[in-house]
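Take a look at the structure set out below.
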Amino acid sequence: MTTLSELKEIFRSADAVCFDVDSTVIKEEGIDELAKFCGVGDAVAEMTRRAMGGSLTFRAALSERLSLIRPSREQVQALITEHPPRLTEGIRELVRKLHQRNVQVFLISGGFRSIVEHVATKLDIPLGNVYANRLKFYFNGEYAGFDESQLTAESGGKGKVIGLLREEFGLKKIVMIGDGATDMEACPPADGFIGFGGNVTRQQVKEKAKWYITDFEELLRELDSDSIKMNHNDIFY
């Protein structure tokens, strides 16, 4: 069993950090915001509550909610333009610090790629490092379903993405950060998990996560303290 100090060491020496997006990197839940924008917010929120009970697979729950929302391409773009996702405090600085340390940063989301790509661009994360669900549209822009072949459309999909990243990029130490049970379940194959409760508290995650934080400043301080140690070791007497 990994101790808290061991988990902190894994984070400081990670060559990749993967973030969940909804309620972690951004303050909102993308599917709920899209539902509200399309006028079916309450109905979809109720479906989400039922889905959290675990009676449906992730793909079935996603399909059910999208069948109710039926967002057009135009509505998705209008949502991003009129109500852009709001970044969580500290995330921009944390991603910048990780990049300075040559740590690869990935966004792994059960949300929608069009929204997540907008977030990635704001954070200078390459779009090739985004793993999320793709909405499909007919030629006239009407909703045509979603790409069910994406790993993120499956139950346990985030863990499968991390396994893929390890193989494709030859990554040695991967940390997953997120607010939800699906993020926690991605460790293993991730080497460490950090629970995030800065936007919403998921009781199960708060109770089970070895390292649970409510703001990204804590992770920035951890990296800063590591930098001070490294600089100290470079001093010759």
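All residue numbers refer to positions in the sequence shown, counting from 1.
- The number of heavy-atom neighbours closer than 6.0 Å to OH of Tyr138, taken from other residues, nucleotides and ligands shown, is 12 or below.
- With a 4.5 Å cut-off on side-chain heavy atoms, Ile31 and Phe112 count as touching.
- With salt bridges taken as basic N to acidic carboxylate O contacts below 4.0 Å, none links Glu142 and Arg70.
- Of all non-hydrogen atoms in Val76 and Leu135, the two that sit nearest each other are CG2-CD1, 3.9 Å.
- Electrostatic pairing of Arg12 and Glu9 counts as a salt bridge here, judged by a charged N lying under 4.0 Å from a carboxylate O.
- Ion pairing between a basic and an acidic side chain is recognised when a charged N comes within 4.0 Å of a carboxylate O; Arg202 and Glu29 show such pairing.
- Counted by atom type alone, Thr152 and Asn133 present one or more donor-acceptor pairs between their side chains at under 3.5 Å.
- By the 4.5 Å heavy-atom criterion applied to side chains, Leu151 and Ile108 are not counted as neighbours.
- The aromatic rings of His83 and Phe37 sit perpendicular, their planes meeting at an angle over 60°, well past the 30° parallel limit.
- Note on Lys158 versus Glu185: no salt bridge recorded, every NZ/NE/NH1/NH2 to OD/OE distance being 4.0 Å or above.
- No more than 12 heavy atoms of other residues, nucleotides or ligands shown are found within 6.0 angstrom of CD on Glu74.
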Applying side chain to side chain contact (heavy atoms under 4.5 Å, CB included), run through Met176 and Ile194 and close with a yes or a no.
CA-CA 6 Å; Met176 180 75 202; Ile194 301 169; over 6 Å; no
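- One finds the CD1 atom of Ile177 at 9.5 Å from the CZ atom of Phe196 (value rounded to the nearest 0.5 Å).
- Side-chain contact check for Val116 versus Tyr131: every heavy-atom pair is 4.5 Å or farther apart.
- Put simply, the side chain of Val21 does not reach to within 4.5 Å of the side chain of Val130, judged on heavy atoms.
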